[in-house]
> 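The structure follows.
Letters A, B, ... are given to chains in the order of the sequence lines, protein chains preceding strands, and every chain is numbered from 1.
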Protein chains: 2
Amino acid sequence: MQVDVDAVLPAKTQLSSSIKLADLTKLPAFEVVAVLECAGNRRDGLKAIKPVNGVIWGPGTASNSRWSGCRLRDLLVSVGVPKDLCHPFYSTPKHVEFAGFGDAKEDKHYASSIPLEWIMNPLNMVLVAYEMNGQPLTRDHGFPARIVAPGIIGARWVKWLKYIRVQDVESDSFYQKLDYKILPPMADAHNCTEFWPRFPALMELNIQSVICRPAPGEELQVGRPFEVQGYAFSGGGRAVDRVEVSLDGGKTWDLARIYTMQTKCKDGQRDWSAKQWAWTLWAYRIDHVPTGCTIACRAWDSGGNTQPSEAVWNYRGVMNNSVYKIKPPVRLESRL
Amino acid sequence: MQVDVDAVLPAKTQLSSSIKLADLTKLPAFEVVAVLECAGNRRDGLKAIKPVNGVIWGPGTASNSRWSGCRLRDLLVSVGVPKDLCHPFYSTPKHVEFAGFGDAKEDKHYASSIPLEWIMNPLNMVLVAYEMNGQPLTRDHGFPARIVAPGIIGARWVKWLKYIRVQDVESDSFYQKLDYKILPPMADAHNCTEFWPRFPALMELNIQSVICRPAPGEELQVGRPFEVQGYAFSGGGRAVDRVEVSLDGGKTWDLARIYTMQTKCKDGQRDWSAKQWAWTLWAYRIDHVPTGCTIACRAWDSGGNTQPSEAVWNYRGVMNNSVYKIKPPVRLESRL
């Protein structure tokens, strides 16, 4: 494996360097537990309104893993990128483009970019990862190395890393310029070319929560207890402050219990320095399942944002974070 | 004027320093155009659901100004705080507490804090400001110096600056611990003491938009054109991507024209390095005012968040960012 790193440095020095996997492991190793969500998670909810362009995912394209690798920041500093954000180098914005080995469908290869400023903040924990859950990356997960960009949509977590480029503009790849954008509702297959250039590429995830149990089709037994369970997270390092559950389809709400992996937060005190990258699992106990209920969940993040009650359709079917609802089938308790 | 700066530095050095206004102006001057919003903006919309604890503001407690001063980061570095976020000093989170001169109602003085990590990011533009719109601060605006914390709720923009303290915990003042929090809907005057410690202090603003014209009570003339106008912004440096307007109370939506002060963003490309701190003004032309319409607006930010369609009540009536609606009175066109 070899990753090419290119950057135009201060005083117009053109930097070009080839990094081997062994070089990555010489840099300090960092670990981060972070959620990876495809921007198309829950696309099925938008397709239910109108056809969308993309794979029709349910709520299953989100996962949470322990990633290890070096910080991309440290790699860039090791090849000469200034580490001080006050350096004149940063007076004009820069972007870091990544591309992966292998063919891509819509472009010459899969490429994407993230602002350099975001990467250079060491607390943002953008990694060149070579391990997932303590094991070397498998082929499917991006062996030998991939980008891990906590708090940012999965499309920027480029796998099978081929090159890293520091440049003045964002990536001009299909996947940056045309693919992952929330177009307004009047943009569709017929007129989207007019709208693509007017809207920015997605970066941070939005506030999200989903019910995993009951699973679709899972039957509840009337009168018995049931533990509703799910996940929640937000983007950009924002933490989930609370998750609420409704049993009447969104009319009244109660607090769910939440389980957050980060242990540095004390009760009632947001540890802002410790940004939140992992998902928050939650549970809500129903003591006696009623004969009919529509269960809903919604989360709130540390940016004061919550989920919209209804989904707003967009052509690419991305970033659906409307209040999640499920009406589980019930069966009467057996009296035998 | 004199501001006391205190910090426990690496190797347990206790730092204590007194800064005069003249010292502030010796540091490099920075300017930022930023929106200042009280977390209680639009509290009236929550009071309409149930009584709240606080001054019943309409949508007028938001403003946008050009602030000048030194960066708080540079001030802290000048007295010895390490500037590199990779320094071991940052391995445990720190907070910077500010207090203002003068009496406060609920505590010995007005105090509040922001995480040190946020302040040390030079791109976050937290200032010790001594000018507003090119003039020295007036008394009402915090003369001689105040905190300007772009993207963060107004309650942290402490005026009449008395001291600045770098410490291991967030401020324990009333205004940090008990005042500016979004409590869940079941928390009210009778049981709030149980909920205060469980929820974090507000920091970043949420996504917001408001209709300013028509103003409340402003009459529209049927059949004539009318230009709907308003403001929009989000928190944490997130930009407003789009503003939508509905003339049928939220059933159908169209794009408003938006005017953003920051000129570094190119069409369709978010300049992420240039975070967005100013508000976005917007306008929407109605060619022929119909006989009855409910005008609504909603904004979307670069974090993929939009405004909830209905307000969710909270005891302190803070952070109301539900879709803004107004049903203006109309008069028939004179046919004389």
Side-chain angles (χ1 to χ4, degrees), chain A residues 39 83-86 90 93-95 114-118 121-123 169-170 177 182 184-186 196-207 235-236 238-239 241-242 244 253-255 264-265 267-274 300 302-310 312 318-319 321, chain B residues 39 83-86 90 93-95 114-118 121-123 169-170 177 182 184-186 196-207 235-236 238-239 241-242 244 253-255 264-265 267-274 300 302-310 312 318-319 321:
Chain A
K83 69 177 170 186
D84 182 358
L85 285 175
C86 294
Y90 293 97
K94 306 275 192 288
H95 298 259
I114 295 178
L116 176 61
E117 173 268 313
W118 178 271
N121 184 336
L123 302 173
V169 292
E170 70 172 357
K177 292 285 195 184
I182 306 178
M186 66 290 295
W196 287 123
R198 293 170 56 190
F199 291 88
L202 285 170
M203 192 165 107
E204 295 181 15
L205 299 170
N206 55 13
I207 175 77
R238 294 182 290 285
D241 282 350
R242 69 183 204 243
E244 295 169 335
W253 297 86
D254 200 6
L255 285 179
K264 282 190 187 174
C265 296
D267 268 4
Q269 176 171 333
R270 160 71 22 66
D271 181 351
W272 278 90
S273 309
W300 296 72
S302 56
N305 285 298
T306 189
Q307 301 171 240
S309 47
E310 301 299 332
V312 179
V318 289
M319 302 293 266
N321 71 335
Chain B
K83 69 177 168 185
D84 181 0
L85 285 175
C86 293
Y90 293 97
K94 306 275 193 287
H95 298 259
I114 294 178
L116 176 60
E117 174 268 314
W118 179 269
N121 184 335
L123 303 174
V169 292
E170 68 172 358
K177 292 286 197 183
I182 306 179
M186 66 290 293
W196 288 123
R198 293 171 55 190
F199 292 88
L202 284 170
M203 191 164 106
E204 296 181 14
L205 299 170
N206 55 13
I207 175 74
R238 293 182 291 285
D241 281 351
R242 70 183 203 242
E244 295 170 335
W253 296 87
D254 199 7
L255 285 179
K264 282 190 188 173
C265 295
D267 268 3
Q269 177 172 333
R270 159 70 22 66
D271 180 351
W272 278 90
S273 309
W300 296 72
S302 56
N305 284 299
T306 189
Q307 301 172 239
S309 47
E310 300 298 332
V312 179
V318 287
M319 301 294 266
N321 71 334

> Which atoms form the tightest heavy-atom contact between A:Leu255 and B:Arg198, and what is the distance?
CD1-NH2, 3.6 Å

> Does B:Val312 form a side-chain contact (heavy atoms from CB on, under 4.5 Å) with A:Trp300? I'd like the steps, not just the answer.
CA-CA 11 Å; B:Val312 179; A:Trp300 296 72; 3.7 Å; yes

> In Å and rounded to the nearest 0.5 Å, what is the CH2 to CG distance from A:Trp118 to B:Asn121?
10.0 Å

> Please rank A:Ala39, A:Pro308, A:Pro122 by heavy-atom pairs under 4.5 Å with chain B and give me the top one.
A:Pro122

> Kindly give the heavy-atom pair with the smallest separation between B:Glu244 and A:Pro185, and that separation in Å.
OE2-CD, 3.1 Å

> Can you list everything that forms a side chain to side chain contact (heavy atoms under 4.5 Å, CB included) with A:Asn305? Sequence neighbours excluded, please.
A:Ile207, A:Asp301, B:Asn206, B:Ile207, B:Arg238, B:Asn305, B:Asn321

> Look at the side chain of B:Arg242 and the backbone N and O of A:Ile182, then say whether any donor-acceptor pair between them is shorter than 3.5 Å.
yes

> Contact part of B:Asp254 toward chain A, heavy-atom cut-off under 4.5 Å: side chain, backbone, both or neither?
both

> Answer with side chain, backbone, both or neither: which region of A:Leu85 has an atom nearer than 4.5 Å to a non-hydrogen atom of chain B?
both

> Answer yes or no: is there a side-chain heavy-atom contact under 4.5 Å between B:Cys86 and A:Lys83?
no

> Could you list the residues that satisfy side-chain hydrogen bond (donor to acceptor under 3.5 Å, both in side chains) with A:Gln307, not counting sequence neighbours?
A:Ser209

